[in-house]
Amino acid sequence: MEFEYFNKKEFACKCGCNTNQINLDFLEDLDRARSYSNIPYRITSGYRCLDHPLSIKNPSSSHIKGLAADIECKDSYQRAVIFGGLAEAGFVRIGLSKDGFIHVDSDQDKVQPVLWLY
């Protein structure tokens, strides 16, 4: 399966193992969100293996299931445009970080809809 805006490799675990079990349906929805936003999305974290330090800290993370991504945003404008694209694509689990990224996931096992700040 090919995507217009993303390469599956962008979502590989960044702990050094390069494992990649990103969910393709999630990736397809994220690709659609990117088209709505009409600005690039830089993925800072996608799939995380069980040995990834953040997976060890948070073993219930949606990243472990391949159902989450963190998207870099450098300013309030990017944050608003990316958020708008995610909402337009139907994402209902979005976390806005003060550290310059947006978390998005499609984990059906977690509360929906939810928007959180951290």
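Being a predicted model, the structure only gives us computed values, none of them experimental.
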[X] side, atom [atom1]; [Y] side, atom [atom2] - distance, nearest 0.5 Å:
X: Ile56; Y: Ser61; atom1: CD1; atom2: OG; result: 12.0 Å
X: Ile82; Y: Ile39; atom1: CD1; atom2: CD1; result: 4.5 Å
X: Glu4; Y: Arg32; atom1: CD; atom2: CZ; result: 12.0 Å
X: Lys9; Y: Asn18; atom1: NZ; atom2: CG; result: 10.5 Å
X: His52; Y: Lys57; atom1: NE2; atom2: NZ; result: 11.0 Å
X: Ile102; Y: Leu115; atom1: CD1; atom2: CG; result: 9.5 Å

In the single-linkage hydrophobic clustering (I, L, V, M, F, W, Y; side-chain heavy atoms under 4.5 Å), do [X] and [Y] co-cluster?
X: Tyr47; Y: Ile43; result: no
X: Val111; Y: Leu96; result: no
X: Ile22; Y: Ile64; result: no

Minimum heavy-atom separation for [X] and [Y], please, with both atom names.
X: Thr19; Y: Gln21; answer: CG2-NE2, 4.0 Å
X: Tyr5; Y: Ser35; answer: CE1-CB, 3.5 Å
X: Cys49; Y: Ser55; answer: O-OG, 2.8 Å
X: Phe26; Y: Val104; answer: CZ-O, 3.8 Å
X: Phe91; Y: Ser106; answer: CE2-CB, 4.3 Å
X: Ala87; Y: Ile94; answer: N-CD1, 4.5 Å

Can you find a heavy atom in the side chain of Lys14 that is under 4.5 Å from one in the side chain of Thr44?
no
In the structure I gave you, are the side-chain heavy atoms of Phe11 and Leu30 within less than 4.5 Å of one another anywhere?
yes
Test of understanding: with salt bridge (charged side-chain N to carboxylate O under 4.0 Å, His left out), list the residues that count as partners of [X], not counting sequence neighbours.
X: Arg79; value: none
X: Glu28; value: none
X: Asp31; value: none

With sequence neighbours excluded, residues passing side-chain hydrogen bond (donor to acceptor under 3.5 Å, both in side chains) with Ser37:
Tyr41
Listed by chain and number, what are the side-chain hydrogen bond (donor to acceptor under 3.5 Å, both in side chains) partners of Lys110, not counting sequence neighbours?
Ser62
ILVMFWY cluster membership beyond Phe101 - transitive side-chain contacts under 4.5 angstrom
Val114, Trp116, Tyr118
Let me know which of Asn58, Asp105, Asp70, Leu54 forms a side chain to side chain contact (heavy atoms under 4.5 Å, CB included) with His63.
Asp70
Can you check whether Asp107's main-chain N or O pairs, donor with acceptor, with Gln112's side chain at less than 3.5 Å?
yes
Does the Asp75 side chain pair with the main chain of Gln78, one donor and one acceptor, at a distance under 3.5 Å?
yes
